[in-house]
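Here's the structure, in structure tokens; my notes come after.
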Protein chains: 4
Amino acid sequence: MAQKSAPDSTRRSEKSRRAIYAAALALVAEVGYPRTTVEGIAARAGVGKQTIYRWWPSKADVLLEAFLDLSGQAAEAAAAAGEEYAIPDTGDLAADLKDVLRATVDELLDEQFQAPYRALAAEGVVNEKISSEFVSRLLEPQLQLYVRRLEAAQEAGEVRPGIDPRIALELFVAPLAQRWLQRSGPLSHAYTDTLVDYALNGLAPR
Amino acid sequence: MAQKSAPDSTRRSEKSRRAIYAAALALVAEVGYPRTTVEGIAARAGVGKQTIYRWWPSKADVLLEAFLDLSGQAAEAAAAAGEEYAIPDTGDLAADLKDVLRATVDELLDEQFQAPYRALAAEGVVNEKISSEFVSRLLEPQLQLYVRRLEAAQEAGEVRPGIDPRIALELFVAPLAQRWLQRSGPLSHAYTDTLVDYALNGLAPR
Amino acid sequence: MAQKSAPDSTRRSEKSRRAIYAAALALVAEVGYPRTTVEGIAARAGVGKQTIYRWWPSKADVLLEAFLDLSGQAAEAAAAAGEEYAIPDTGDLAADLKDVLRATVDELLDEQFQAPYRALAAEGVVNEKISSEFVSRLLEPQLQLYVRRLEAAQEAGEVRPGIDPRIALELFVAPLAQRWLQRSGPLSHAYTDTLVDYALNGLAPR
Amino acid sequence: MAQKSAPDSTRRSEKSRRAIYAAALALVAEVGYPRTTVEGIAARAGVGKQTIYRWWPSKADVLLEAFLDLSGQAAEAAAAAGEEYAIPDTGDLAADLKDVLRATVDELLDEQFQAPYRALAAEGVVNEKISSEFVSRLLEPQLQLYVRRLEAAQEAGEVRPGIDPRIALELFVAPLAQRWLQRSGPLSHAYTDTLVDYALNGLAPR
DNA sequence: AGATAACCGAGACGGTACGTCCCGTCTTTTT
DNA sequence: AAAAAGACGGGACGTACCGTCTCGGTTATCT
């Protein structure tokens, strides 16, 4: 079974890779994903097109790795700054969730961040391969932070024992995601606060 | 200011329009959205390219209208069959919601239906114009059905008075949407049943 | 047997064709045949690449037609100027041939003319399709002028009766062609005069 | 003025050189000159590309040397077999020339031999450097054999004294070359016999 | 009834980007 | 130091579509 003679990754040019990541992110931010082209990325990065096609099968994969690289750097920076990579636990679940979701709203409204994230989400909707990478490497790790916080809350008696945290977190995270992705409603701190209240207390009278 | 001399819609060929809708939906289902082209739609519909560009600004708009047309037909068919276009109200909110969501799950897993819907959702993520049309003409009308059912439940005392139904519905609808769009988890009847239970009763101990 | 859906030549753009001819000839003269590219011709002609590929299978074919067009124009111009399209017949075969060959030498040394002619000849050496077009549409018609002059000379008793004019002409035409094409010797009026003398009188003592 | 640090030819790999010659000739015969690439030659020869670029400036030069090498070997083989490297002299010039030209026709029609020879001739038409090498190292030495035979004939009184043998030989050699290179007519023994007769006796009545 | 618009099919056009092939250079490792 | 290997920046290939445009040929009113 003759493979396509995979390239030798030990000889790969680190400089080119970083230039390609930077160019891809910049172009998506500047002209949008659909008008970002492999040719454009190569030109902006000062790189031959083949150098892109040698290492990535499509522009979506380039952007995905660029974004993962960016996230990885941000995480490292945060870690270096001594910040814990987790949702804070003050003992008040509602307050903690509201805090995190407010920060998330702010991030989602940041234009610079939006462009590549939206692009990847859109591509993932239609492209199963990108989707699975996107979910497993970006989305799921973030959701696991909520899982851990909810488990802690469960032990503290703030959440009912039988609840599945992986499903529970979707009650407040998914609505936010949907409003952002589909623009099906406005985002605000008040909105996410409400989500947390509804999710924790339920809709039925108590 | 010379306008682009808008075409006279009274002389429009109904036959061509239907052929274009059919071709667009078929192509998206067969080869996927990105590989569906205006040229391909025109060829398949036996229509000149200009006939498409005369009436729609882009392939996304063609597909959106094709899909709206399809939904419209389905609604008419349902109405003709005497079915009410609303969420049933048996007096048991939880049961009614579970029923509707189970049906939605089945629909979302139908391959034929998925292709154009996913394509539009994806385009909407990245294209604000398509997004607003998609939300206002397709998504929001469906969500309003939930609003009405929840309002009825509120009057029946099954839902707390202060709750905003438009936000409340997102607790169970958005998770389902997210899992489907982002493939961030499996879809099943058990899953949506759980969502309804969690949303109505809340996560906190009662 | 599905053809590649041949384009409709009645709708062909005359302006583009002329621009392509001009660009091709200019580029070959300026940068040489190997560095003349289809892309370059298209750019210089202000034409899409596809417009070239729609009508010609390769750059060699473009150049061939461009050259034929040029020759055709030159012939028309000469005809319009009342010049006869034939080798002159003053009754002195040797003198007439020397005259024509001297003119040919001058033409072959004209840089402007050389570039495309050489390019076509070179392509023909290696490409049978181009070769046959080149010979039948450019070379052979010119050689037929010699055939006619030699036949006249035969009737006038200046050439032996049994001689085949089509072969005879090669005695003085081919050496000139070879020296020019292969640069296997210098070109001059004295050289072609000598060729005519040798060919008419033979090498053996008389 | 830093030179490109010419490689040390004493350390050159003889094995690689031979492999490159063989690969070049084989590829030209198999896929034709234009589709023969340096990369292809290197791969087929099991050699790094740089090894080619170190010793030759272009693929044309590789092929030229490969062909010269081949000719050299053939000459050595002939010499070893006791054959004299000259046109035979039986005292009958016409017969001797006809013999040699008939052998040449057979050689020119040999498919195996044609491919590289044609390729070099074509390259030479358009590339002055290759042309001069080709002429001085391959073509001219062969023509000199005719010069010597004609000089012998001149001394024997079979050729007029004033005749320049270097030009005279072109009367029968160039037509053959032209028909072959330009495919401007069929090759046959009868044809070359006729050429010799015409050239020796001239076209004019005697 | 004839004129005269518009739409319509077809598809050529100037373009942009695709993904591939090679170029000639450079770098790394092996012999 | 030459050689095998092959990544690199670059340029051109030939193809696929884009959105605009022009061309007859049908309708479909409006004189």
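Since the structure is predicted, the reported quantities are computational estimates derived from the model, not experimental observations. Residue numbers begin at 1 in each chain, while the letters A, B, ... track the order of the sequences.
- Here the C1' atom of nucleotide dG11(E) and the CD atom of Gln50(B) are 11 Å apart, to the nearest Å.
- One interatomic measurement links the two molecules: CZ of Arg17(C) to P of dG14(E), which rounds to 14 Å at whole-angstrom precision.
- When rounded to the nearest whole Å, the span between CD1 of Ile20(A) and C1' of dC8(F) equals 11 Å.
- Residues Ala60(C) and Glu123(C) come closest through the heavy atom pair CB-CG, 3.6 Å.
- For the OP1/OP2 pair of dT22(F) and a distance below 4.0 Å, the side-chain nitrogens and oxygens of Arg11(C) include no atom meeting the criterion.
- Looking at which nucleotide of DNA chain E each of Ser13(B) and Ser58(A) is closest to, the 5′-most match is held by Ser13(B).
- At whole-Å resolution of the value, NZ in Lys15(C) and C1' in dA12(E) are 13 Å apart.
- Within 4.0 Å (heavy atoms only), Gly40(A) reaches no atom of the nucleic acid at all.
- Nucleic acid contact class of Ser16(A) (heavy atoms, under 4.0 Å, all strands): sugar-phosphate only.
- Closest-nucleotide positions on DNA chain F for Ala45(A) and Thr36(B) were compared, and the one nearer the 5' end corresponds to Ala45(A).
- Ser131(B) places no side-chain N or O within donor-acceptor distance of the main-chain N or O of Val125(B), the cut-off being under 3.5 Å.
- Scanning all heavy atoms of the two residues, the minimum distance from Ala119(D) to Val126(C) falls at CA-CG2, 4.1 Å.
- Among the atoms of the strands shown, only primed sugar atoms or phosphate atoms (P, OP1, OP2) are found under 4.0 Å from some heavy atom of Arg12(B).
- Between the C1' atom of dA12(F) and the CD1 atom of Ile41(C) lies a distance of 12 Å, rounded to the nearest Å.
- The nearest pair of heavy atoms linking Val62(C) to Ile20(C) is CG1-CG2, 3.8 Å.
- Ranked by how close their nearest DNA chain E nucleotide is to the 5' end, Gly46(C) and Pro57(A) are led by Gly46(C).
- Sequence order on DNA chain F of the closest nucleotides to Gly48(A) and Lys59(C) puts Gly48(A) first from the 5' end.
- Note: CZ (Arg35(B)) to P (dC18(F)) measures 14 Å, nearest angstrom.
- If you take CZ of Arg54(D) and P of dT27(E), they are 14 Å apart, rounded to a whole angstrom.
- One atom, CD of Glu39(A), and another, C1' of dT15(F), lie 13 Å apart when rounded to the nearest Å.
- Across Val135(B) and Arg183(A), no two heavy atoms sit closer than the pair CG2-O, 4.1 Å.
- One cannot find a donor-acceptor pair under 3.5 Å joining the base of dG9(F) and the side-chain atoms of Lys49(A).
- OP1 or OP2 of dG14(E) sits under 4.0 Å from a side-chain N or O of Thr51(C).
- Within 4.0 Å (heavy atoms only), Trp55(C) reaches sugar-phosphate atoms of the nucleic acid but no base atom.
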